[in-house]
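By convention in this document, chain letters (A, B, ...) are assigned in the order of the sequence lines, proteins followed by strands, and residues within each chain are numbered from 1.
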Protein chains: 2
Amino acid sequence: MVSAVLKSPSESAPKRSFRQQMHLAREDAIVSAVNRLLAEKGFESMTVDEVAAEVGIAKASLYKHFPSKEDLAAAAMVRVMQRAQAFLDGLDTKRAPLDLLREVARWTMEVQLAGEMPSLPSENSSLRAALTTNKAYVDGLMDVSDRLGAWITAAQASGGLNAALPPIAVLYTLYARACDPVLGFLKGSGQYSNEQIIEMVLSTCFDGLKAR
Amino acid sequence: MVSAVLKSPSESAPKRSFRQQMHLAREDAIVSAVNRLLAEKGFESMTVDEVAAEVGIAKASLYKHFPSKEDLAAAAMVRVMQRAQAFLDGLDTKRAPLDLLREVARWTMEVQLAGEMPSLPSENSSLRAALTTNKAYVDGLMDVSDRLGAWITAAQASGGLNAALPPIAVLYTLYARACDPVLGFLKGSGQYSNEQIIEMVLSTCFDGLKAR
DNA sequence: GTCTATAAATAGATAGAC
DNA sequence: GTCTATCTATTTATAGAC
């Protein structure tokens, strides 16, 4: 059999690995394009034709990699979640919990300003349903939530964070920074740099609008 | 001329007024349906067929009232803006500016929780373009922004509001409360009443996450 | 102005050759 | 796996009778 010959260790193993790498590289390019388009226009406005055009392949080829538009978008959401987990891994957990939470909020805003934060689907979106049944996404979200939750309760116990707020309210408030329209508004005003915008929103988020 | 006869004061004036009232009532029903659907699923996911079904008239009839889907949605946005202006009109301007701003934020959240706040269009939406050329909307937005802006600078001058924040950042932060996903998140958790949700988000907005 | 019926355009998804 | 070409369903918008 030809396939048996090709699978001989001396030549097929590297060759199959090479093909797998190409395959993964292609899929990564697809997911990157989807991620950018999701950030730019959202799930509903993004078309599969646009994705194919951006990647530079035929639309039918996309469907060899991902069975539907929802799976395409879910792959991008999973990758963002993995990026978040990698960012958390890189944090020095010996720092004060409040500082860690601030760094997380800063990171989500940097990603958003870089045009790489997919806008989360509205509650009735078909993407929402696809995500709730996506184990990689749900597991990643739970992992991130657990880690942030621990820092939140620690920061509340040490008096840095307002202990009157339910931890889940704090968690959601931080998540919301990833899709805060204020960043786009301020960017659109053309008066501030990305750094200034992030500092302002961090200030309103942690210190509030009122004078201290 | 027939038209001259029909315009005689004795019979045509009341009849035309009646028809106009019916016309306005119908259009109000249309705009209400559009408003609700925009709040529920956003501009892209809302279909004109749904609107027609919700109003209970044929789709072609809709297009006799509004020339396009964008105009349909713009009418709903204009009406929300008018509701906002009416709310501002009803406020007691002798109160402290900071309290007035808090009342405005509260109102936007109440409207959102009532399912009557159209989610604002993403930056690339065709609705965005339609809104920027809609005089009623742009004028309303400028009026609201001017009034809030005056209260913001007054609150900063009196020391109630953080004077280090540019007024435009404060304004955008307040606007963002109208589409804050945190409300939906907390609502979805099923643990809190609408009043509790609003109080929590008002607290994070004005007092910040950090302990005071 | 309201309706039914249909046009025209677009989007998600697939067939089948290579 | 990639391509071209096509299918099927949906969606915005209109035609034309009443």
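The minimum heavy-atom distance linking B:Ser45 with B:Glu50 is given by the pair O-OE1, 3.7 Å.
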**Prompt:** When you check every protein heavy atom under 4.0 Å of nucleotides 3-17 of chain D, what one-letter string (B, S, -) results, 5' to 3'?
**Reply:** BB------SBBBB--
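Phosphate proximity of C:dT2 to B:Arg26: present, with a side-chain N or O under 4.0 Å from OP1 or OP2. Between B:His65 and C:dG1, a side-chain N or O to OP1/OP2 separation shorter than 4.0 Å is absent.
Inter-residue side-chain proximity for A:Val104 and A:Tyr175 is flagged as unmet; no heavy-atom pair is nearer than 4.5 Å.
The only option from A:Arg83, A:Arg36, A:Arg79 that meets the salt bridge (charged side-chain N to carboxylate O under 4.0 Å, His left out) definition with A:Glu116 turns out to be A:Arg83.
Between the side chains of A:Asp71 and A:Ser68, a donor-acceptor pair is found at a separation under 3.5 Å.
If you measure from atom CG of A:Leu127 to atom C1' of C:dG12, you get 15 Å, rounded to the nearest angstrom. The nearest whole Å value for the distance from the CG atom in A:Asp71 to the P atom in C:dT14 is 11 Å. When the C1' atom of C:dT4 is taken as reference, atom CG of B:Leu62 falls 15 Å away, rounded to whole Å. As a whole-Å value, the separation of A:Phe66 CZ from C:dG12 P is 16 Å. Following rounding to the nearest Å, A:Leu24 (CG) and D:dG1 (C1') show an atom-to-atom distance of 14 Å. Look at CD on B:Gln21: it is 14 Å from P on C:dG1, rounded to the nearest Å.
For B:Lys69 and B:Tyr63, the positive end is not near the middle of the six-membered ring at less than 6.0 Å and at most 45° from its axis.
Classification of the B:Tyr172-A:Phe185 ring pair by plane angle, with boundaries at 30° and 60°, yields tilted.
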